[in-house]
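Heavy-atom basis, side chains included; hydrogens, waters and symmetry copies ignored. Every chain is numbered from 1 and lettered A, B, ... according to where its sequence line falls, protein lines coming before strand lines.
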Protein chains: 2
Amino acid sequence: MPVIAVIGDGQLARMMQTAAIELGQSLRLLAGARDASAAQVCADVVLGDYTNYDDLLKAVDGATAVTFDHEHVPNEHLTALIDAGYNVQPQPAALINAQDKLVMRERLAELGAPVPRFAPIESAQDAYDFWTLTSGQVCLKARRGGYDGKGVWFPNNESELTALVSDLSRCGVALMAEEKVALVRELSVLVARTPSGEVATWPLTESVQRNGVCAEAVAPAPGVDPQLQQRAETLGEKIATELGVTGVLAVELFAFANESGAEDIAVNELAMRPHNTGHWTQDGSVTSQFEQHLRAVMDEPLGDTSTLAPVTVMANVLGADEDPKMPMGERAREVARRFPRAKVHLYGKGHRPGRKIGHVNLTGEDVEATRRDARLAADFLVNAAWSDNWSAK
Amino acid sequence: MPVIAVIGDGQLARMMQTAAIELGQSLRLLAGARDASAAQVCADVVLGDYTNYDDLLKAVDGATAVTFDHEHVPNEHLTALIDAGYNVQPQPAALINAQDKLVMRERLAELGAPVPRFAPIESAQDAYDFWTLTSGQVCLKARRGGYDGKGVWFPNNESELTALVSDLSRCGVALMAEEKVALVRELSVLVARTPSGEVATWPLTESVQRNGVCAEAVAPAPGVDPQLQQRAETLGEKIATELGVTGVLAVELFAFANESGAEDIAVNELAMRPHNTGHWTQDGSVTSQFEQHLRAVMDEPLGDTSTLAPVTVMANVLGADEDPKMPMGERAREVARRFPRAKVHLYGKGHRPGRKIGHVNLTGEDVEATRRDARLAADFLVNAAWSDNWSAK
């Protein structure tokens with residue numbers, strides 16, 4: 001059986017293991033701890049640090065392919081692994097676009113992909129100029145390391161912006177700015193690509209963020225014009241191909257109204273791995289993003305991305321401010337009692353406020369009913385209480 | 001996270017692990033070898049022998065529930081575990097009906113469940129009497145230990161029968177006989193039941209055996225009269241309830257034509273665990289039999305058993321007489337190339353002629369087209385050749 005080395009130990013690696021088992025494969029993890037989400041469920045675990053080259057070498061020994069559940073492995077290590085003959089997917093030349101927001105913006109602009117106006121910010125003067133250019137519609141971003149709303153700032157005025165830039169620059173944070181988009185909603189196009197160049201795309205997904213964190217996803221995204229669907233798919237495929245992405249690529253999109261009032265899109269972020277907005281594929285698509293990622297990095301033919309239901313809603317389970325006393329198993333039991341169709345996915349992670357500890361997928365016929373039920377289920381898993389006061393009696 | 005101890009290390013335990021991961025649970029296996037099918041994919045493995053009580057004790061320590069991927073754990077050990085306070089599901093009083101075919105037949109007859117005529121066979125005289133009673137329509141069975149066509153004989157004449165009975169009795173094989181059924185096809189009703197008494201049933205499945213081994217399954221079984229579907233469901237639920245089964249119960253059925261020519265059923269065998277005829281549920285039902293088994297033994301509310309497609313076909317991958325040179329990974333790749341909808345499940349098992357090493361699930365609209373494609377895919381995985389000479393060009 002082929003061994004796939006996965007650098008990472010979070011829920012994405014955990015759900016890759018689910019797919020790997022059925023594919024007859026075996027994952028080897030490089031994990032930080034034996035009780036990390038993915039390490040709990042894998043037989044083949046190397047404990048170590050993904051920033052340490054020797055630990056990486058131990059994890060990839062004998063693997064047919066090497067992949068990731070995050071984008072934080074130093075690229076110089078990846079390059080060294082490739083030079084040593086290891087089959088790393090995706091490769092650093094692609095990954096840099098998921099690591100450095102300025103590199104990504106410049107590359108996408110070059111490709112003619114729709115992106116907000118942007119600029120590198122290396123000084124207060126740069127910030128001042130960009131503020132003027134955009135009439136104060138400025139979103140300041142750390143070029144690296146931000147996610148889930150971290151590393152993103154919306155200054156209220158010019159002096160706030162320049163103060164931020166001075167402070168952050170002094171701390172060595174490389175910055176860029178982009179023009180704020182008059183967001184109507186967020187969409188996401190999920191693509192998989194093999195080293196041989198085969199590409200497969202799922203239907204556009206609508207995602208809802210709360211406090212900068214994905215709260216829910218609805219697929220197919222409701223009310224998308226077929227032309228926009230086509231454009232988004234073409235865009236996703238183009239980005240995957242031109243950037244040489246392998247495995248799953250999530251293209252997070254801003255959706256806004258163009259001058260004629262029609263829905264239009266611009267690229268927000270890229271992620272080169274299975275993505276939260278693609279969790280619905282586990283229960284709503286013939287091929288899940290986790291299976292597809294493994295097939296793609298192994299350069300196998302890709303699976304069918306058709307949907308299994310008119311609509312699938314994914315609702316995240318994020319740790320409450322205070323963890324309710326009811327054990328998670330009890331909460332899952334109550335959700336199962338009310339919603340026999342709900343697919344609860346739990347990551348084996350302990351409680352922390354706001355931490356992603358699971359999600360619920362629900363397939364259905366009607367978008368609003370399905371969304372309501374998925375939310376209710378996820379809310380119960382978070383709060384151990386029905387937000388609509390339902391009772392089984 | 002609750003720990004479920006699974007006694008067994010084969011593909012059924014392996015596929016339970018897939019379900020457990022997403023449920024946020026953790027399986028602990030009692031496995032015979034570190035490289036056994038399920039042990040390859042679990043972090044928590046106790047190596048030992050399921051006939052050894054001390055090994056069983058090691059495996060169940062601290063587990064919320066104890067279950068099985070086979071029926072061969074000595075019942076006295078299970079009783080001892082229960083006496084020691086462990087939560088064993090299913091329990092020996094139910095399991096005996098999946099272990100001893102005579103006990104099962106007697107119990108089912110008592111319940112009024114349709115069974116072929118049968119008799120205990122303890123002597124050549126018993127055999128002679130049963131031969132006469134059934135006009136020679138005799139199927140001789142070992143009461144215990146038979147599966148996949150093993151432990152079943154169809155003697156051609158009276159002297160063959162009495163010779164068999166003498167030989168087998170001399171070897172200490174306890175026997176029974178039943179009247180051969182004029183089989184039209186085989187069906188299977190899959191039920192899950194919780195200790196609290198909740199029951200859920202999937203639609204009737206048609207199974208096709210070759211050489212006594214399940215070769216394929218089609219669900220829902222084509223052309224079943226709704227009344228028969230209802231009767232079979234009621235029968236499955238009644239058996240599960242009256243026998244006190246917990247977890248998944250597969251009721252294998254003989255389907256034959258009654259006097260008026262209508263399809264009728266009688267019980268063939270019982271299995272108290274996920275079953276080969278239920279593998280289609282992984283990709284064709286909202287809730288797979290593996291997830292449902294875990295929910296049931298944990299006494300959680302059961303999942304929805306609706307189908308996800310008009311038809312799902314499962315085709316088994318059984319080791320060829322001689323293993324083709326093409327590695328299994330290459331074969332899976334070729335199948336993926338031709339059938340992007342095919343879900344290939346491989347068990348991580350080495351080749352042996354006739355050994356169950358994987359299966360293919362395929363959902364579709366049309367029974368015959370889906371059956372044909374699933375067979376082609378499974379055949380390719382077995383023989384590394386397309387039985388219809390297809391070529392990708």
Side-chain angles (χ1 to χ4, degrees), chain A residues 1-2 14-15 17-27 34-35 37-45 64 200 282-283 286-287 291 295 298-306 308-309 327-329 332-350 357-358 363, chain B residues 1-2 14-15 17-27 34-35 37-45 64 198 200 282-283 286-287 291 295 298-306 308-309 327-329 332-349 357-358 363:
Chain A
M1 294 295 144
R14 182 182 174 105
M15 294 185 275
Q17 166 73 345
T18 304
I21 292 175
E22 297 303 319
L23 292 169
Q25 294 169 344
S26 176
L27 293 192
R34 200 65 193 80
D35 65 349
S37 177
Q40 293 167 20
V41 299
C42 286
D44 194 1
V45 177
T64 307
Q282 293 176 302
D283 299 295
V286 172
T287 307
E291 178 183 342
R295 291 169 74 151
M298 292 288 283
D299 206 16
E300 291 173 5
L302 297 176
D304 188 296
T305 54
S306 305
L308 293 170
M328 185 52 87
R333 198 179 287 261
E334 177 77 358
V335 166
R337 191 170 294 123
R338 179 166 179 188
F339 299 115
R341 285 187 73 90
K343 309 310 292 180
V344 173
H345 300 262
L346 295 173
Y347 307 155
K349 290 162 100 174
I357 52 181
T363 53
Chain B
M1 295 293 144
R14 181 182 176 106
M15 294 185 275
Q17 166 73 346
T18 305
I21 293 175
E22 298 302 320
L23 292 170
Q25 294 168 342
S26 175
L27 293 192
R34 200 68 192 77
D35 66 349
S37 178
Q40 292 166 22
V41 300
C42 287
D44 194 0
V45 177
T64 307
E198 188 188 352
Q282 294 177 301
D283 299 294
V286 171
T287 307
E291 178 182 343
R295 292 168 74 151
M298 292 288 284
D299 206 16
E300 290 173 6
L302 298 177
D304 187 294
T305 54
S306 307
L308 294 170
M328 185 51 89
R333 198 178 287 261
E334 177 77 358
V335 165
R337 191 169 293 124
R338 180 168 179 186
F339 297 116
R341 287 187 72 91
K343 309 310 292 179
V344 173
H345 300 262
L346 295 173
Y347 307 155
K349 290 162 97 174
I357 51 181
T363 54

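For A:E22, the side chain to side chain donor-acceptor pair (under 3.5 Å) partners at least two apart in sequence or on another chain are B:T18, B:Q282, B:H345. Remark: B:P301 pairs with A:R333, A:A336, A:R337, B:E198 by the side chain to side chain contact (heavy atoms under 4.5 Å, CB included) rule, at least two apart or across chains.
Expressed to the nearest 0.5 Å, how far CD of B:E300 lies from CD of B:E291 amounts to 9.0 Å. The line from CG of B:L302 to CZ of B:R295 is 7.0 Å long, rounded to the nearest 0.5 Å.
When all heavy atoms of B:T305 and B:A200 are compared, the pair lying nearest together is CG2-CB, 4.1 Å.
No other option in B:E334, B:Q17, B:K343, B:Q25 has as many heavy-atom pairs under 4.5 Å with chain A as B:K343. Chosen from A:T64, A:D299, A:D283, the residue pairing most often with chain B at heavy-atom distances under 4.5 Å is A:D299. Interface check for chain A: of the options B:A43, B:C42, B:S37, the most heavy-atom pairs under 4.5 Å are formed by B:A43.
Heavy atoms of B:A39 lying under 4.5 Å from chain A belong exclusively to its backbone. If you measure heavy-atom distances from B:L27 to chain A, you find no contacts under 4.5 Å at all. Interface remark: B:V344 contributes backbone atoms only to the contact with chain A (heavy atom separation under 4.5 Å).
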